[in-house]
Amino acid sequence: QVQLVASGGGLVQTGDSLRLSCVASGLTFRTYVMGWFRQAPGKEREFVGAITRSGVGTDYGDSVKGRFTISRDDAKNTVYLQMNSLKPEDTAIYYCAAGRGRIATALNDYNYWGQGTQVTVSS
């Protein structure tokens with residue numbers, strides 16, 4: 001069965017950096033577009049970023065452009081989210097997702113989801 005296991009979340013201060021990891025199993029990793037989403041309490045799940053199958057193309061939500069970077073390591077079946085210059089508004093549960101289609105920003109475009117990892121940024 002497909003599993004996406006996210007890790008690396010924690011409590012940090014404004015301006016700090018954090019790297020999230022998501023390890024996939026049960027799928028042919030290289031054939032999937034990978035995405036990151038986040039959800040804060042009382043808010044809709046928000047697109048953070050995505051990376052193409054090749055790892056060459058990326059897309060980011062407006063709120064994180066210039067601060068976050070997505071990368072993937074197919075040998076490790078892992079997608080990463082490097083988060084720099086963190087702000088309190090980045091506080092959320094971060095979810096990784098895998099999709100069989102083209103790189104996309106909509107929740108419905110992804111086929112599999114991880115359990116999420118909590119990121120808390122204090123001021």
Side-chain angles (χ1 to χ4, degrees):
Q1 62 182 210
V2 174
Q3 286 191 312
L4 303 177
V5 181
S7 63
L11 175 62
V12 297
Q13 296 182 354
T14 297
D16 284 353
S17 296
L18 204 60
R19 189 176 78 160
L20 306 183
S21 300
C22 177
V23 180
S25 61
L27 52 75
T28 304
F29 186 75
R30 64 175 179 82
T31 69
Y32 282 80
V33 167
M34 299 299 298
W36 285 96
F37 293 78
R38 67 186 183 185
Q39 188 166 24
K43 294 186 177 181
E44 297 292 326
R45 192 166 295 189
E46 175 189 26
F47 173 73
V48 175
I51 188 166
T52 62
R53 295 169 179 83
S54 68
V56 174
T58 57
D59 192 20
Y60 299 95
D62 289 340
S63 63
V64 305
K65 286 181 179 177
R67 298 188 298 122
F68 291 9
T69 303
I70 296 172
S71 61
R72 64 191 295 162
D73 185 342
D74 289 353
K76 297 181 178 179
N77 283 7
T78 301
V79 61
Y80 302 96
L81 182 67
Q82 178 67 45
M83 304 184 293
N84 299 326
S85 300
L86 284 163
K87 308 172 182 179
E89 50 262 46
D90 294 319
T91 296
I93 299 175
Y94 284 70
Y95 299 89
C96 61
R100 291 190 290 266
R102 293 186 174 186
I103 190 167
T105 62
L107 298 174
N108 196 49
D109 291 321
Y110 292 84
N111 304 101
Y112 304 106
W113 293 83
Q115 87 289 354
T117 184
Q118 176 72 49
V119 173
T120 303
V121 185
S122 66
S123 58

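Numbers here are sequence positions counted from 1.
Leu81 and Val119 end up in the same hydrophobic cluster when Ile, Leu, Val, Met, Phe, Trp and Tyr side chains are linked at under 4.5 Å. Linking ILVMFWY side-chain heavy atoms closer than 4.5 Å, directly or via other members, places Trp36 and Phe29 in a single hydrophobic cluster. Connection of Val12 to Val64 is established within a shared hydrophobic cluster, with ILVMFWY side chains joined at heavy-atom distances below 4.5 Å, either directly or through further cluster members. No continuous path of ILVMFWY side-chain contacts below 4.5 Å connects Val48 to Ile93, so the two sit in separate hydrophobic clusters.
Taking each heavy atom of Val33 and Ile51 in turn, the nearest pair found is CG1-O, 3.4 Å. Heavy atoms only, all atoms of each residue included: Ala92 and Gln118 are closest at O-NE2, 3.4 Å. Shown here for Val2 and Gly26, the closest heavy-atom pair between the two residues is CG2-O, 3.4 Å. Here the shortest heavy-atom pairing between Ala6 and Cys96 reads CB-SG, 4.3 Å. Among all heavy-atom pairs drawn from Ser85 and Asp90, the shortest one is O-OD2, 4.4 Å. The minimum heavy-atom distance between Val79 and Ile70, with the atom names listed, is CG2-CG2, 3.9 Å.
Leu18 is not listed as a side-chain neighbour of Asp16, based on a closest heavy-atom distance of 4.5 Å or more. Two residues are said to be in side-chain contact when any heavy atoms from C-beta on lie closer than 4.5 Å; Phe47 and Leu107 fail this criterion. Residues Arg53 and Ile103 fail the side-chain proximity criterion, which asks for heavy atoms closer than 4.5 Å.
Here the OG-NZ distance, from Ser123 to Lys87, works out to 13.5 Å after rounding to the nearest 0.5 Å. Separating the OG1 atom in Thr78 from the CG atom in Leu20 is a distance of 12.5 Å, to the nearest 0.5 Å. We find the CG-CE distance between Asn77 and Met34 to be 9.0 Å, quoted to the nearest 0.5 Å. Distance OG/Ser63 to CD/Glu89: 8.5 Å, rounded to 0.5 Å. To the nearest 0.5 Å, the span separating CZ on Arg100 from CG on Leu27 amounts to 9.5 Å. Of the inter-residue distances, the one linking Tyr110 atom OH with Leu4 atom CG reads 12.0 Å to the nearest 0.5 angstrom.
Judged by the 6.0 Å distance and 45° axis criteria, Arg45 is not positioned over the aromatic ring of Phe37.
No side-chain donor-acceptor contact under 3.5 Å links Tyr32 to the backbone of Ala97.
By the side chain to side chain contact (heavy atoms under 4.5 Å, CB included) test, Arg30 is found to be paired with Thr28, Asp74, residues two or more places apart in sequence or in another chain being considered.
Note on Asp62 versus Lys65: salt bridge recorded, some NZ/NE/NH1/NH2 to OD/OE distance being below 4.0 Å.
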